[in-house]
Number of protein chains: 2
Amino acid sequence: MNSEFATSFVLGAAQSGLREFNERLLLTILRQLGPLAGTKLAAHAQLSAQTVSVILRKLESENLLIRGAPQRGKVGKPQIPMALNAAGALSIGLKVGRRSADVALMDFTGCVRDRRTLHYPFPRPDEIFDFLETAITQMTGHLPAPLADRICGIGIAIPFELWKWTDVLGASAQDMLAWRDLDPSKRVAQFSDLPVSVINDATAACHAENALGNPAGLANYAYFFMGAFIGGGIVLDRAVYSGHFKNAGALGSLQISDTRGAPRQLLDSASLNVLGDAIRKAGGDPSDLRRNMDDWSAHAPLVDAWCATAAKDIARASLSACAVIDFEAIVIDGAIPTDLRSQLVERVGHEIAKLDGRGLVVPKILPGSIGADARVIGAAHVPLQARYFLHSNATLAGSDDAQT
Amino acid sequence: MNSEFATSFVLGAAQSGLREFNERLLLTILRQLGPLAGTKLAAHAQLSAQTVSVILRKLESENLLIRGAPQRGKVGKPQIPMALNAAGALSIGLKVGRRSADVALMDFTGCVRDRRTLHYPFPRPDEIFDFLETAITQMTGHLPAPLADRICGIGIAIPFELWKWTDVLGASAQDMLAWRDLDPSKRVAQFSDLPVSVINDATAACHAENALGNPAGLANYAYFFMGAFIGGGIVLDRAVYSGHFKNAGALGSLQISDTRGAPRQLLDSASLNVLGDAIRKAGGDPSDLRRNMDDWSAHAPLVDAWCATAAKDIARASLSACAVIDFEAIVIDGAIPTDLRSQLVERVGHEIAKLDGRGLVVPKILPGSIGADARVIGAAHVPLQARYFLHSNATLAGSDDAQT
DNA sequence: ACGTCAATTAATCAATTTAGTTGATTAATG
DNA sequence: CATTAATCAACTAAATTGATTAATTGACGT
């Protein structure tokens, strides 16, 4: 009973927690708004200038922040903007896909410093974790010593229940069951002491969008990522919401209907996998899609037809999502060419306008800003987020937003 | 820019806010777990016994808590359980329905002390607010003076965009437009200085379930309330989530399909309104449903047929909801007889098991525990919640649940 | 059977620590 | 010299820890 509260209410708003909370708050504001002087930070955080000054000196001494050039030009003492120090911390991300795996090394500002890719016909745990091990060794080997000690964790993005999709992958059920019995954290512990975060692949992409993209500054949105299967993530109050079972934002499983009214899941009609099948059926090679991420015009008519039905179904799914949570916007990204992404966004916008929006606030439809690599990038960012930034932006008491 | 953060990040985790937060925390734990001694509270809240003691004495001096009888029987000094003091605070709730309005006076423990009902063919603002005014005067008139000063607000539960449903109500569009141009807070200010909270009616019912019901102790669930139109609410991390536009949980607008595959909203098939139409078409009187809330067996075959299709559609809608947020459970309540509610719950459970749950954690289906009056009760509870209890249960830094 | 005392647990007192705020001071600029 | 930023110094809010007091039960001795 006690521990039930320890994970739900959790709070003992103790004092040490207060300082850490405020440190994370300042780092989070800096990540979102860019370099900012103490005075401005104090205003945003609603803290006194003195408190901010003390925290800033501490974070600077920990090498998490660096001071920028004094801003001359205005009357008065020049501001000294403080910025996240790229070398303040590093992290590793691994994306496990159905045809390839990616590893990335990320710095504290969210830039990818180094990366490796492994291709395969279907994913096998040993091959992938050996690849991860050697990639980490190579990527961190030639780092200066102080940097190498600042790696704060490994984020792993992997499809939910990967072993259930044997038919699609053309792998044997036997091979895939290895994934079900695998605990990635334990497997990584065989060669690294770094803390491991395992996360759904589309949710990882959503993390990337939310922490490093989101140019519109949205606070609440649903995020679709178009991969071999379409998936998603949820952002509530500026934080990615992972859910009670860590399976929130399973948008590919939203119920839609086929033309005969039979129930169907979104991923059965709006996944890249479906486009691949169409190309194969027409005698083409679906692996073209992976090889050439810039231009799919070789398969133009099929891509176009797929885009039309996908847009229609994503629009219906989006409206359903907005009935559950009144999202400001729907953000769509994926492992697809940017012009196709634009086209998909536009078409979803048209389709959603045709639907019955009674009782709903119809959301804006916007493109993602990260692109095809969002999943690795998000995976790499998760350990940084967990260690240095705010998890949730729920308001504390004492604020003026009494729940009316 | 500043104010953007002031409502989203809000935090300046300042010190005075810290104390208020911990006070609300203890009150919230007491509401959920019942009377508890200081030591136990300290363990649940993860605060020191001394801190809890100080806060408890303060809340006691404010008459929000009363000490129970010392618990003898165990070795050691007997515990003194502290309980919410029913007379610590009062609040008023108003539910505006399509055929009737209810007003309730609630005490600090959530008990309804007094109530009034007004019936009408269709709702008119002046009639309803006059009714509210006289009801408040009557109900508070014979209260002892100290109690009368402890009323902390008025909660108003009202359907979303009521004025758009003229056809269903048989009211003129003219009459209903009065609702669009009305600001309930300003209207109430004409006769009362109490703070006013306006909230969607089904969301109000969800508040009641979450604060005063929820015997299973669920932390995350979607809530359906079966009224003239079916509506809903969302509970995340033990708090009702109202959403960016205060329209989260608009579950009646979830997309389903009719038998021909054409898109439809859940409220078009699973509302009481639909059952009423069927009864009228068969020559019966739909107002029987409102008059006799215990037994609808007079219309048995129609009720049964309606329940079957409603169950099927609610099941589909529930699964869609779980694709957005991985709810532990779906809770169903409504202005219907309890045996029909049980039957509906059971049928939804059967239907959802037949559906395609790939990629989802299929939720439990459970009945609500408040019943037909959940909307007024929730409306009355909202001001108490806003003033004395925790709004959100997001964890603070310093806890051990780092987001992995 | 009954009184006494030790063990136990709860609540509070007193002292300390953490971390915030306010107001004064210093620094750098147009 | 007015202005603005950053920091120093003093103060305050609110938590923590360790000691103390209070109210029991249960064991032991007479």
Side-chain angles (χ1 to χ4, degrees), chain A residues 2 10-26 30 35-62 65-83 396-399, chain B residues 2 10-26 30 35-62 65-83 396-399:
Chain A
N2 190 331
V10 165
L11 349 89
Q15 315 211 232
S16 54
L18 190 60
R19 169 51 72 92
E20 189 188 325
F21 179 90
N22 284 334
E23 288 174 9
R24 285 170 179 265
L25 171 60
L26 297 190
L30 285 176
L36 233 46
T39 327
K40 307 289 176 193
L41 267 171
H44 284 299
Q46 304 198 334
L47 289 167
S48 71
Q50 173 64 358
T51 300
V52 169
S53 176
V54 169
I55 295 175
L56 252 25
R57 267 352 102 217
K58 185 192 171 215
L59 294 175
E60 196 183 0
S61 75
E62 289 171 352
L65 296 180
I66 43 173
R67 39 182 74 207
Q71 296 285 300
R72 300 194 167 77
K74 280 181 296 187
V75 243
K77 182 176 176 176
Q79 302 182 350
I80 299 174
M82 299 300 296
L396 275 184
S399 65
Chain B
N2 190 331
V10 163
L11 355 92
Q15 314 209 237
S16 55
L18 190 60
R19 168 53 72 89
E20 188 187 326
F21 179 90
N22 284 334
E23 287 174 9
R24 284 171 179 266
L25 171 60
L26 296 190
L30 284 176
L36 233 43
T39 328
K40 308 289 175 193
L41 266 170
H44 284 299
Q46 304 199 333
L47 289 167
S48 68
Q50 172 64 357
T51 300
V52 169
S53 176
V54 170
I55 294 176
L56 251 27
R57 268 351 101 217
K58 184 190 171 215
L59 295 175
E60 196 183 359
S61 76
E62 290 171 350
L65 296 181
I66 41 173
R67 39 183 75 208
Q71 297 284 298
R72 299 194 169 77
K74 280 181 296 186
V75 232
K77 180 176 176 175
Q79 301 182 351
I80 299 173
M82 301 298 299
L396 275 185
S399 65

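The chains referred to below are lettered A, B, ... by the order of the sequence lines, with proteins before strands, and numbering in each begins at 1.
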For residues 70-83 of chain B, which side-chain donor-acceptor pairs fall under 3.5 Å, sequence neighbours excluded?
{"from": "B:Gln71", "atom 1": "NE2", "to": "B:Ala69", "atom 2": "O", "distance (Å)": "3.4"}

Where do N or O atoms of nucleotides 18-22 of chain D meet protein N or O atoms at under 3.5 Å, pair by pair?
none

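Applying the side-chain contact (heavy atoms from CB on, under 4.5 Å) criterion to B:Lys58, with sequence neighbours excluded, gives B:Arg19, B:Glu23, B:Glu62. Under the side-chain contact (heavy atoms from CB on, under 4.5 Å) criterion, A:Ser48 pairs with A:Gln50, A:Thr51, not counting sequence neighbours.
The CG atom of B:Leu26 sits 6.5 Å away from atom CG of B:Leu56, with the distance rounded to the nearest 0.5 Å. Taking CG of B:Leu47 as the reference point, atom CD1 of B:Ile55 lies at 6.0 Å (rounded to 0.5 Å).
Between D:dT7, D:dT24, C:dT12, one nucleotide has an atom nearer to the side chain of A:Ser53 than all others, and that is D:dT7. Comparing D:dT25, D:dA6, C:dT12 against the side chain of B:Arg67 picks out C:dT12 as the nearest. Checked against D:dA14, D:dA6, C:dG20, the side chain of A:Thr39 finds its nearest nucleotide in D:dA6. Checking C:dA10, C:dT22, D:dT24 against every side-chain atom of A:Ser48, the shortest atom distance belongs to C:dT22. Among the nucleotides D:dT25, D:dA23, C:dG20, the one closest to any side-chain atom of A:Asn22 is C:dG20.
Between the CG atom of B:Leu25 and the P atom of D:dA15 there is a distance of 11 Å, given to the nearest Å. D:dT16 atom P lies 9 Å from atom CG of B:Leu18, rounded to whole Å. Distance NZ (A:Lys58) to C1' (D:dT7): 19 Å, rounded to an integer number of Å. D:dT7 atom C1' lies 16 Å from atom CD of A:Gln79, rounded to whole Å. Residue A:Leu56 contributes atom CG, which lies 9 Å from atom P of D:dA6 at whole-angstrom precision. What separates CD1 of B:Ile80 from P of C:dT12 is a distance of 7 Å, to the nearest Å. In this structure, B:Met82 places its CE atom 14 Å from C1' of C:dT12, rounding to the nearest Å. Taking atom CZ of A:Phe21 as the reference point, atom C1' of C:dT18 lies 17 Å away to the nearest angstrom.
Judged by closest nucleotide on DNA chain C, B:Arg57 is the one of A:Gly73 and B:Arg57 placed further toward the 5' end.
Side-chain nitrogen and oxygen atoms of B:Thr51 include at least one within less than 4.0 Å of the OP1 or OP2 phosphate oxygen of D:dT16. For C:dA28, the OP1/OP2 oxygens have no side-chain nitrogen or oxygen of A:Arg72 closer than 4.0 Å.
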Walk me through it: do A:Val52 and A:Asn22 pass the test side chain to side chain contact (heavy atoms under 4.5 Å, CB included)?
CA-CA 9 Å; A:Val52 169; A:Asn22 284 334; over 6 Å; no

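Between B:His44 and B:Leu36, some side-chain heavy-atom pair lies under the 4.5 Å cut-off.
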